[in-house]
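From a predicted model like this one, the values you see are computed outputs, not experimental measurements. Every chain is numbered from 1, with letters handed out A, B, ... down the list of sequences.
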Amino acid sequence: MRTPAELDDVDALVLPGGESTTMSRLLQVFGLEAPLRERLAGGMPTLSTCAGLILMSREVLDGRPDQIALGILDVSVRRNGYGRQVESFEADIPVVPLGVAPFRAVFIRAPLIEQAGADAEVIASFGSNPVAVAQGPHIGLCFHPEMTDDSRLHQLFLDRAAAALEVSAA
Amino acid sequence: MASDKTGSNGHEPHTGGVRVKRGLAEMLKGGVIMDVVTPEQAKIAEDAGAVAVMALERVPSDIRRDGGVARMSDVSLINEIIAAVTIPVMAKARIGHFVEAQVLQSLGVDYIDESEVLTPADEEHHIDKWQFDVPFVCGARDLGEALRRIGEGAAMIRTKGEAGTGNVVEAVRHMRAVQGGIRRIASMRPEELMAEAKHLGAPFDLVQEIHSTGKLPVVNFSAGGIATPADAALMMQLGCDGNFVGSGIFKSTNPEAYAKAIVAATTYYDRPDVIADVSAGLGKAMPGLDVASMPAGELLATRGW
């Protein structure tokens with residue numbers, strides 16, 4: 001999704017990993033920030049991972065002063081909070097809505113959720129910090145569910161998005 | 001030691017595995033990685049939307065002009081660049097110089113480029129990259145070279161092009177060679193794969209993997225001669241995953257504008273209207289060199305095998 005016209009065509013949006021400063025700049029320069037904010041205000045469901053989570057958050061620590069925080073997810077995140085690339089890691093993590101079998105979570109220069117507010121439901125934690133939150137039609141993850149063959153979090157997103165879109169259509 | 005360290009399945013966090021190494025390169029896809037020689041240049045690159053910076057002592061066109069031995073950058077300079085930006089910082093080590101790589105890993109760089117732009121330390125052997133937690137990117141001129149580097153543990157490939165020339169012709173040649181090699185393997189019958197592995201000088205298991213997936217197992221950027229927004233978009237349309245730009249930015253007359261325009265052209269590579277728009281009023285690109293008339297001894301791409 002790189003243009004306002006492409007944004008018009010989608011019902012729900014994945015905000016993927018990458019560099020949040022780069023995404024932030026391209027959103028601003030190519031006129032996507034306002035239409036994106038408008039669609040989010042209209043309840044468009046999202047799955048945001050890593051850099052996407054940073055964009056969706058309420059507050060960004062250690063970011064660039066001009067970087068966008070869309071303020072949809074009630075979380076405060078610290079950019080690269082888990083350290084540099086040599087500290088990137090993977091671990092098996094229980095995710096509440098997925099039941100007993102843990103999820104192999106891949107963290108790559110991942111953001112750290114310092115604090116999740118009352119509106120964000122924490123659905124997974126690693127150590128003492130949340131790593132996955134759900135809030136209305138939105139799911140936000142510090143890690144990369146697309147790096148493994150386990151599609152359960154994508155399915156959870158699709159189920160929740162379908163339910164949210166059905167309600168808003170009714 | 002097993003080469004793939006992702007095999008563990010415990011609850012303990014596991015660092016340095018193939019997934020996190022290749023994964024960081026996945027996150028850089030569609031972006032531009034810029035050569036920088038000072039913290040100030042690194043800031044300009046970050047401001048322009050670079051997805052990462054490559055810290056080095058001199059940009060390739062200066063290395064080419066100055067001659068002598070080009071080595072890993074000064075350690076203080078790398079530290080200053082790491083401190084100056086929030087995006088990933090890469091740095092170059094000489095081909096085969098595993099101690100330079102050990103030093104770069106200990107500094108906390110996010111990716112090491114085992115690079116032909118520096119003077120090789122070993123003309124026979126590349127670094128055994130499986131021994132490191134930090135991921136490596138390596139240059140390649142064709143599919144066989146790319147697969148040899150992946151076999152040694154590279155987590156990302158860039159086609160070599162001819163660095164410091166401002167001439168995209170070698171980058172195009174190498175990208176076509178890699179893509180063509182992949183299409184050739186994908187169209188083969190299974191019994192033909194061993195002969196192809198022998199012909200390429202490539203690990204058999206990687207040839208089999210390409211036969212079944214139709215693509216490289218790692219991200220492949222282009223590099224070596226990209227000097228304009230149109231060059232960057234050309235490489236993307238030829239099928240690369242992103243661009244390294246070296247001398248092309250900081251040897252142009254207006255680095256800020258070139259950096260922003262090349263980022264935009266890499267993102268909107270299939271939109272000539274956008275490329276035209278960002279190319280307007282840029283000032284002069286870096287001076288270019290005719291690769292065909294260069295003596296063989298001056299070519300960087302032939303370093304490493």
Do [X] and [Y] come close enough that some side-chain heavy atom pair is under 4.5 Å?
X	Y	result
B:Arg19	A:His144	no
B:Arg271	A:Thr3	yes
A:Arg104	B:His14	yes
A:Arg109	B:Pro88	yes
A:Phe126	B:Pro13	yes

Check each atom of [X] against the heavy atoms of chain A and say whether the ones under 4.5 Å are side chain, backbone, both or neither.
X	value
B:Val89	both
B:Ala50	backbone
B:Tyr268	both

Gap between atom [atom2] of [Y] and atom [atom1] of [X] - 0.5 Å precision:
X	Y	atom1	atom2	result
A:Gln85	B:Ile112	CD	CD1	11.0 Å
B:Thr15	A:Tyr82	OG1	OH	15.0 Å
B:Met27	A:Thr49	CE	OG1	6.5 Å
A:Glu19	B:Glu46	CD	CD	8.5 Å

Let me know if [X] has heavy atoms under 4.5 Å from chain B in its side chain, its backbone, both or neither.
X	answer
A:Arg2	both
A:Thr21	side chain
A:Asp62	backbone
A:Arg84	both
A:Val86	both

Pair A:Glu146-B:Glu26, side-chain contact (heavy atoms from CB on, under 4.5 Å): steps then yes or no: CA-CA 11 Å; A:Glu146 78 283 7; B:Glu26 292 282 342; over 6 Å; no

Winner by heavy-atom pair count (cut-off under 4.5 Å) against chain A, out of B:Asp270, B:Val274, B:Val32: B:Asp270

Max heavy-atom pair count under 4.5 Å with chain A, selected residue of B:Thr267, B:Leu28, B:Val134: B:Thr267

Side chain A:Thr22, main chain B:Gly49, donor-acceptor under 3.5 Å: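 Answer holds: yes.
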
B:Glu256 atom CD: more than 12 heavy-atom contacts under 6.0 Å: yes

Neighbour count above 12 (heavy atom, 6.0 Å) for B:Phe98 CZ: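 Not buried by this count: 12 neighbours or fewer within 6.0 Å.
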
